[in-house]
Every structure is written in C-alpha cells, then in structure tokens.
Protein chains: 2
Amino acid sequence: MSTSERLIESTRELLWERGYVGTSPKAILERAGAGQGSMYHHFRGKPDLALAAIRRTADEMWATAEAVLDGPGTPYERITAYLRREREALRGCPVGRLTMDPDVIADDALRAPVDETLDRLREHIAQIVEEGKEQGEFAPGLDGEEIAAAVVATVQGGYVLARAAGSPTAFDAAVRGLLALLAPPTR
Amino acid sequence: MSTSERLIESTRELLWERGYVGTSPKAILERAGAGQGSMYHHFRGKPDLALAAIRRTADEMWATAEAVLDGPGTPYERITAYLRREREALRGCPVGRLTMDPDVIADDALRAPVDETLDRLREHIAQIVEEGKEQGEFAPGLDGEEIAAAVVATVQGGYVLARAAGSPTAFDAAVRGLLALLAPPTR
DNA sequence: GTCTATAGCGGGATAGAC
DNA sequence: GTCTATCCCGCTATAGAC
C-alpha cells in the first residue's frame with residue numbers, strides 16, 4: 001500500500017476511534033509508519049487529509065447500505081435487513097459521530113460528505129417506504145420521508161445508547177422497537 | 001455567583017459546544033473570568049471539574065424529561081409531549097453527545113452520569129408504554145423497553161441528522177415518523 | 001481563595017537535507 | 001518522496017506570592 005494510502009487509512013481509523021478534534025497528525029503518522037514530510041507532501045495539512053478520509057468512509061458506508069437496501073425481499077424486509085445488519089454498536093457510526101465534532105461542523109467542506117451520505121440514505125429509504133405503501137405493506141397514511149428519518153435516527157441514536165451503556169444491547173432493543181412499530185399488521 | 005459555580009457553568013457550556021476533548025481548562029477559565037489558581041483550588045483538574053459539570057447537566061436533563069413525561073394526558077400524549085418538546089436540535093444533546101467523546105467513554109466515572117440518565121429515561125418511558133398497553137392505547141404485543149429504546153434513540157439520532165444537515169428539519173421529521181408509527185389506531 | 005509565573009509536553013506546520 | 005530538525009503555540013498542571 002502506498003504511503004498516501006496508509007495515511008488515509010490510518011486517518012479513517014483514528015477519526016472513527018477518536019473523532020477529528022481528538023486525532024493529531026502525530027498519531028496518524030505513527031500509525032501509518034510515515035514521517036512528517038510524507039503527510040505534508042501528499043496533503044496540505046490535517047483538514048485536507050481528514051477530508052480524503054471522511055470522503056472514503058462516507059462512500060464506503062453508502063455503498064454498504066445501498067447493497068443491503070437493494071437486496072431481495074419486500075420493502076419491510078429490506079428495511080429490516082438494513083436495521084439488523086451486523087454493526088459494531090460500541091464503535092459508533094464512523095460517519096454520524098463526526099456530527100458531534102465541532103471542527104467538522106464548522107467546516108462546510110468536512111461536513112458535506114457527512115450530510116450528503118445521511119441525506120442520500122434517508123431519501124433511499126423513503127423511496128422504499130413509498131414502494132411499500134403502493135404494495136399495501138405499509139399504511140397509506142405514512143410519510144416516506146418521515147419514516148426514513150425515524151429509521152436512520154434510530155440507528156444513529158442506537159449507537160449513542162450502546163456507547164453510553166457500554167453494551168450493544170440498547171442498540172438492538174431500539175431496532176427491535178422500531179421494527180415492531182413498522183411491522184405490517186398481517187404478519 | 002461564586003467562582004466555583006462560574007467554573008462549573010462555563011464547563012457545562014463548553015462541554016455542550018465542543019465536547020470533552022475539545023474543551024481546554026484555559027477556555028473554561030477565560031469564560032468564567034477566573035485564573036488558573038481558582039480552578040485548581042476548587043477542583044483536582046479537568047476531569048474532576050468535568051465530572052461536576054456532567055453530573056449537573058445530567059441531573060437537569062433528567063428533571064426536565066421527567067416533568068414532561070409525568071405531565072397530564074394519556075401515555076401516548078405524554079410520550080408525544082416528550083418528543084415534541086422544544087429542543088435546539090442543532091446544539092445536540094448535552095448528555096448524549098458525550099458518548100462520542102473517547103476520553104469520556106474511557107473513564108467510568110465520567111461515563112456513569114451519562115449512562116444512568118439515559119437508562120433512567122428509557123425505564124421511565126418503558127413504564128409509560130406499559131401503562132398505555134394496560135389502557136388499550138398501545139398494542140399488547142409491544143415491548144415497553146424496546147419502544148422506549150426506539151423513542152430515546154430517535155431523539156438522539158435526530159440530533160445527528162439535524163447537525164449533519166445544518167438544519168433542525170430532519171430532527172422534526174424523525175419525531176413525526178416515530179409518532180405516526182406509535183399512534184393509536186383509533187385516532 | 002485567587003493571582004501570576006513557570007514548566008514540560010504535544011499539536012500543527014515549515015524548512016531543507018537526502 | 002521521505003526524512004529529521006526546528007518553530008511557535010496552546011494544553012494541563014504545579015509553585016508560590018498575595
């Protein structure tokens with residue numbers, strides 16, 4: 001793997017573990033096994049490297065989610081698959097957690113990939129809910145955008161509950177609770 | 001207000017705005033209008049002061065939530081009141097955001113107030129859901145603990161969506177989505 | 001109790017050798 | 001391209017005067 005690749009991958013790991021404010025160039029370099037010069041040769045500085053890392057993490061998360069949501073099954077089953085997908089709840093969401101980083105929120109360039117990813121995710125789920133309404137799986141009165149927001153929020157909030165408790169249990173409970181409310185009556 | 005009070009209040013504000021890692025003793029002292037000596041006289045250091053601040057914020061949040069949840073109305077109405085309560089979605093949850101702070105999660109003493117507050121909140125809502133089941137407002141098949149987890153997760157995740165988008169809209173959408181799913185059929 | 005002075009360490013970036 | 005040396009500044013804490 002090239003030095004620049006190692007820098008990006010190390011940054012992704014550290015951003016996930018410690019966030020933007022908690023991640024220092026020094027820590028990145030140590031993990032990547034590179035010197036100062038390499039980083040400032042390939043990137044303009046910490047924000048530039050972080051942007052590359054965040055973009056990649058966001059793209060990866062979107063691809064994973066899309067694959068599950070576009071899998072086989074009815075709309076309800078596909079949303080269930082998304083919510084039940086294996087997650088390391090205690091690690092939190094590598095994208096969502098960045099929203100609690102003041103320096104990320106303050107920088108439009110850093111926030112953009114986060115915003116776009118969560119937005120696309122909501123829109124995609126909203127469309128699946130609309131499909132479900134057409135097929136009679138969901139009540140016609142439901143608003144796809146609202147249900148999608150609740151689905152994504154449950155996942156993001158599930159991470160908060162799990163990390164607070166130091167146990168993934170609460171994440172799973174939240175998912176089960178939402179799925180119980182969303183379940184078609186004829187099941 | 002005493003110096004020690006001003007230190008705690010300044011710390012609460014900064015923890016909310018910038019998190020634990022992003023908050024320096026220097027910034028606290030500047031906001032409180034105090035010198036180094038005052039802080040190290042009243043507190044052993046940053047973690048000790050942060051603990052006092054976190055405890056107070058957690059207690060306050062619990063008191064506010066309890067007041068709304070124990071207000072008038074049916075169980076569904078009380079949960080609705082909790083979810084619809086005025087929130088500054090873009091600021092995030094002063095308690096929940098701490099779960100994304102690596103140094104808070106790594107320190108059991110700092111994490112404890114966060115854990116206890118979210119846990120108590122879930123238990124209280126779970127009990128309200130059970131009441132709603134007894135009164136026939138909620139379907140008997142629902143699990144109170146799971147619904148409560150979904151409710152709290154929706155709020156916490158709503159903050160994530162709002163901060164990502166730079167707008168409170170997504171928070172409100174998630175809340176409306178969950179309430180639509182939770183609504184008693186006979187409304 | 002509160003202040004200033006000081007200290008050691010690490011963050012973030014630049015310079016220039018190789 | 002990558003390295004080390006160096007810089008300036010801010011973080012966190014201690015010491016000691018008042």
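As the structure is a computational prediction, the values presented were derived from the model and not from experiment.
Atom CE in A:M39 sits about 11 Å away from atom C1' in C:dG11, given to the nearest Å. For the pair B:L29 CG and C:dA5 P, the interatomic distance rounds to 15 Å; values are reported in whole Å. Distance, B:I28 CD1 to D:dA13 P: 10 Å, rounded to whole Å. Atom CG in A:D103 sits about 13 Å away from atom C1' in C:dG12, given to the nearest Å. Remark: P of C:dG10 and NZ of A:K46 are 16 Å apart, rounded to the nearest angstrom. Rounded to whole angstrom, the span from the NE2 atom of A:H41 across to the P atom of C:dG12 amounts to 22 Å. At whole-Å resolution of the value, CZ in B:F43 and P in D:dA13 are 13 Å apart. A:K26 places its NZ atom 15 Å from the C1' atom of D:dG10, with the value rounded to the nearest Å.
Looking at the side chain of B:S38, the nearest of the listed nucleotides C:dT2, C:dA13, D:dT14 is C:dT2. In this structure, the nucleotide among C:dC3, C:dG1, C:dA13 sitting nearest to the side chain of B:A34 is C:dC3. Set against C:dC3, D:dC11, C:dA13, the side chain of B:S24 has D:dC11 as its closest nucleotide. Residue A:P25 has its side chain nearest to C:dG12 when only D:dT2, C:dT4, C:dG12 are considered.
Remark: B:R84 does not engage B:D172 in a salt bridge, criterion side-chain N to carboxylate O under 4.0 Å. A salt bridge links A:E9 to A:R56: one of the charged nitrogens lies within less than 4.0 Å of a carboxylate oxygen.
For the side-chain contact (heavy atoms from CB on, under 4.5 Å) criterion with B:L51, the lone passing option out of B:D107, B:T11, B:V104, B:L110 is B:L110.
Backbone-only engagement by B:T23 is indicated by non-hydrogen atom pairs under 4.0 Å involving sugar-phosphate atoms exclusively.
Taking side-chain N and O atoms only, A:T3 has a distance below 4.0 Å to OP1 or OP2 of D:dT2.
Summarising the geometry of B:M61 relative to B:C93, their closest heavy-atom pair is SD-SG, 3.7 Å, with the distance given to 0.1 Å.
Side chains of A:Y159 and A:R87: a donor on one and an acceptor on the other come within 3.5 Å.
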